[in-house]
Amino acid sequence: MSEAIQTASLDWQCVDGIEIPVSRQFGDVYFSKDNGLLETRHVFLNGNDLTERLSALQSHQYFCVGETGFGTGLNILALWQLWQECKPDNHSHLHAVSVEKFPLSKSDLIRALNAWPELKPLAELLIEQYPLPVAGCHRLNFPEHRFSLDLWLGDAHDVFPQMPKTSTVNAWFLDGFAPSCNPDMWEENVLNHIVRLSDTGTTFSSFSVAGVLKRGLRSHGIIVTRPRGFGHKREMLKAVWLEAETEADTMTPAEHSDNTAQKKTATDGHSLSRPRQIAIIGAGIAGLSCAWSLAQRGHQVSLYDRTAPLTGASGNPLALLNPKLGSIAMSDYHLMTVTWQYALRHYRQFSAFRPLVVHQIALKKAEESLALADDYPENLLQKQPCDLKTEYPSILLTQAGAVSPHLLCEEILQHPLIDFYQADIQSVEFLNEKVQLKMAESAETVVFDHAVICAAKQSSTFFELYPVLRPIRGQVSWLDNAGSALSKAQAYSYGGYCMQLNDQQLILGASFLPGREDIDVLEDDHVHNLELIHNVFPQYAESLAPVSEWQGRASIRAQTPDFFPVLGRLDENSEIYTYAGLGSKGFLYSPLCGEIMAALILKEACPVPEKLLKQLNPLRFRSSRKVPKKHHATGEN
């Protein structure tokens, strides 16, 4: 359980015309009065030999930098700037992971970063994606720079233990306020988890040479030296985790310093640093999102469906991103909250996205729903009457959106590394360290490094002992309402939902019929959708065209018993993954779940806590039973 995030409380000092923020919570400056940017370069960039290491990365190699205190983002921006200057012309990728308990407000961040004009182009990109002060991991992607940032908001004591180790952190910026001002940051619990996320070859640097830090690192067998510090600081800390069999313990500090770069560079990256061939079966939003995440990293994706993209539940005319936010104390684990924040950033890069606000009608437990507005960041949830006449109270979600699925699909399939094939896949097997797909139409076998099954309810036919997915029939309706059109910048949620499909038509829905797998458009379902809106907005509902003039689309959703999707492997010895069971939240969940899938396949840092990752694991429903390796069938999500 997390606490509501408090933004940093600041004072400001002016030194030589530069405004320097000072933390009221910790009584310390955020960056050096001498020259914070030069100190960052000396202590953290040079202290981890990053110019040499980053410029030597091979194509598709992944390098991860961890940081213990994000602060003004100065260290990350300096790292990003260095990456722009020295990155190889290949598909290598730089990823930063940072933690912050008291994030700066956006206005304070802008003010603080004005001190560094040379960082302004990168600072503007960071500010554009800077997240709301809500606990949890916020993934910021900058694909044109082959750079990404995971900003974890919360207390380091809570955050580091919940970070999954899906990748190794190659270099650490041990930053934060001085140990005398912020002793909690430097305690054993935090340092133990920093080491857990590291491995041989990982390097560490810090402006601090406090005994608690040196002793903590040395207790794990990490070699610590104290080269010259920056400015008035006589020393800084530089450390490396060497192989146990090295003779580093016999070196003098000077000898160790001379040999550090060569030894650690040899262990940077991992054996997966090569282009991958990946098959994805099912071209719904789950498959499309996984394909996008993997192709953005430079890997070739073959996307298969036996009919066409979006023929299943993902193919409605319009999708609404409408999370039901939970308690602020659970925001870092709450799947809707976590995925909603990333989804909005993700979809903004596509013309298929329409930003809007959602009037969420409080039909049940109205007091609890309205109280959420007091817990979340200012103006995110607003208590105000709905602009459509209703007897129920409402709350306005000011950051939401709608997605045009077919336009999104067209944009995703334009990616040069994504190829779509209409094919009926007969079987998927993992043999001789490769995934083999067999086509039903011929005896042809196609070989891949990995496969992801995103076939909704049909996913179970590729596996034995697959989690149970129940079918749920859902029908949306749309009708001409040109005479009573609503604002395209607003949507309404009331058990059902409605919004403008376009200038002339209203879309509303949706029916929810568990156990049904028929997909004919039925007048009964139109009537159901009319009743949903009439119960809340009777006056507006009575102005709508008669049901006999409505159009619609019915499809089958797949849902797990606990309402969480299944994402991951069913056999740890196989490179066959699955992502299914999204229910009615596919467009909300899939962008971040695509990033999780990429993390699992490519061994990168994962953007959700360990607890949530386990809640998505398809093995959560299973007792200790062995999974056969043979799989059959096809489908689409």
Side-chain angles (χ1 to χ4, degrees), residues 57 60-68 91-99 136-141 146-152 154 156 158-172 190 192-202 241 267-274 276 278 280 289-290 292-294 296-299 332-333 335 338-339 342 449-452 564-579 589-620:
L57 292 179
H60 297 88
Q61 195 167 358
Y62 171 85
F63 193 96
C64 184
V65 175
E67 182 186 43
T68 55
H91 284 290
S92 53
H93 185 85
L94 175 63
H95 191 139
V97 178
S98 186
V99 176
C137 180
H138 302 262
R139 171 155 291 187
L140 315 182
N141 276 332
R146 306 199 322 261
F147 175 70
S148 53
L149 166 65
D150 285 351
L151 179 53
W152 291 75
D158 301 322
V159 170
F160 281 114
Q162 61 181 290
M163 283 187 184
K165 188 177 181 179
T166 49
S167 176
T168 294
V169 176
N170 302 102
W172 281 98
V190 174
N192 285 346
H193 283 285
I194 286 172
V195 174
R196 174 182 64 86
L197 295 167
S198 308
D199 208 334
T200 53
T202 298
W241 188 349
T267 55
D268 282 341
H270 44 65
S271 60
L272 298 179
S273 302
R274 59 180 176 80
R276 236 65 59 80
I278 304 165
I280 297 178
S289 297
C290 290
W292 182 262
S293 289
L294 293 161
Q296 286 288 84
R297 290 159 167 80
H299 299 287
D332 50 347
Y333 295 117
L335 186 60
V338 171
T339 56
Y342 183 76
D449 297 298
H450 317 272
V452 186
F564 283 88
V566 289
L567 190 159
R569 291 189 289 192
L570 283 91
D571 180 356
E572 293 183 358
N573 298 314
S574 169
E575 284 303 315
I576 301 173
Y577 299 75
T578 187
Y579 174 39
Y589 292 160
S590 288
L592 186 63
C593 285
E595 291 292 290
I596 298 171
M597 184 64 72
L600 297 178
I601 292 175
L602 303 175
K603 307 298 186 291
E604 296 181 356
C606 186
V608 294
E610 183 72 37
K611 178 180 177 180
L612 186 51
L613 190 60
K614 289 179 178 178
Q615 288 176 315
L616 298 173
N617 193 324
L619 296 175
R620 67 186 185 270

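Predicted, not measured: the structure shown is a model, and the values here were computed from it.
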Item to complete: Could you walk me through whether Asn141 and Gln296 pass side-chain hydrogen bond (donor to acceptor under 3.5 Å, both in side chains), step by step?
Response: CA-CA 10 Å; Asn141 276 332; Gln296 286 288 84; over 6 Å; no

Fill in: Close side-chain approach of His95 to Arg139, heavy-atom, < 4.5 Å
yes

Practice prompt. May I ask you to test the Val97-Met163 pair for a side-chain heavy-atom distance under 4.5 Å?
Written response: yes

Worksheet entry | Check: Cys137 and Val608 side chains under 4.5 Å, non-hydrogen atoms | no

Fill in: Gln61 and Ser92 side chains, donor-acceptor separation under 3.5 Å
no

Discussion item. I'd like to check Thr339 versus Pro591 (side-chain heavy atoms, cut-off strictly below 4.5 Å). Are they in contact?
Written reply: no

Worksheet item: Do the rings of His93 and Tyr62 sit parallel, tilted or perpendicular, given the 30° and 60° boundaries?
Response: parallel

Worksheet item: What do the steps show when you test Arg297 against His60 for side chain to side chain contact (heavy atoms under 4.5 Å, CB included), and what is the final call?
Response: CA-CA 8 Å; Arg297 290 159 167 80; His60 297 88; over 6 Å; no

Worksheet item: How about Ile601 and Val452: do any of their side-chain heavy atoms sit closer than 4.5 Å?
Response: yes

Worksheet item: Closest heavy-atom contact between Trp152 and Pro609?
Response: CH2-N, 3.7 Å

Worksheet item: salt bridge (Lys or Arg N to Asp or Glu O under 4.0 Å) with Arg146: which residues, sequence neighbours excluded?
Response: none

Practice prompt. Using the side-chain hydrogen bond (donor to acceptor under 3.5 Å, both in side chains) rule, take Ser198 and Trp241 through it: C-alpha gap first, then chi angles, then the decisive distance, then the call.
Written response: CA-CA 9 Å; Ser198 308; Trp241 188 349; over 6 Å; no

Worksheet item: With a 4.5 Å heavy-atom cut-off, do Ile576 and Asp571 have their side chains touching?
Response: no

Item to complete: Output yes when a side-chain donor or acceptor of Thr166 lies under 3.5 Å from a complementary backbone atom of Glu604, and no otherwise.
Response: yes

Worksheet item: Heavy atoms, side chains only, cut-off 4.5 Å: are Val159 and Asp332 in contact?
Response: no

Discussion item. Go through it in stages, so that I can follow the logic: the residues are Tyr579 and Ser590, the test is side-chain hydrogen bond (donor to acceptor under 3.5 Å, both in side chains), and I'd like the CA-CA distance, side-chain angles, deciding distance and then a yes or no.
Written reply: CA-CA 9 Å; Tyr579 174 39; Ser590 288; 3.1 Å; yes

Item to complete: Measure the spacing between CE of Met597 and CG of Leu567 and express it to the nearest 0.5 Å.
Response: 4.0 Å

Practice prompt. Check whether any side-chain heavy atom of Leu602 sits under 4.5 Å from a side-chain heavy atom of His299, and report yes or no.
Written response: yes

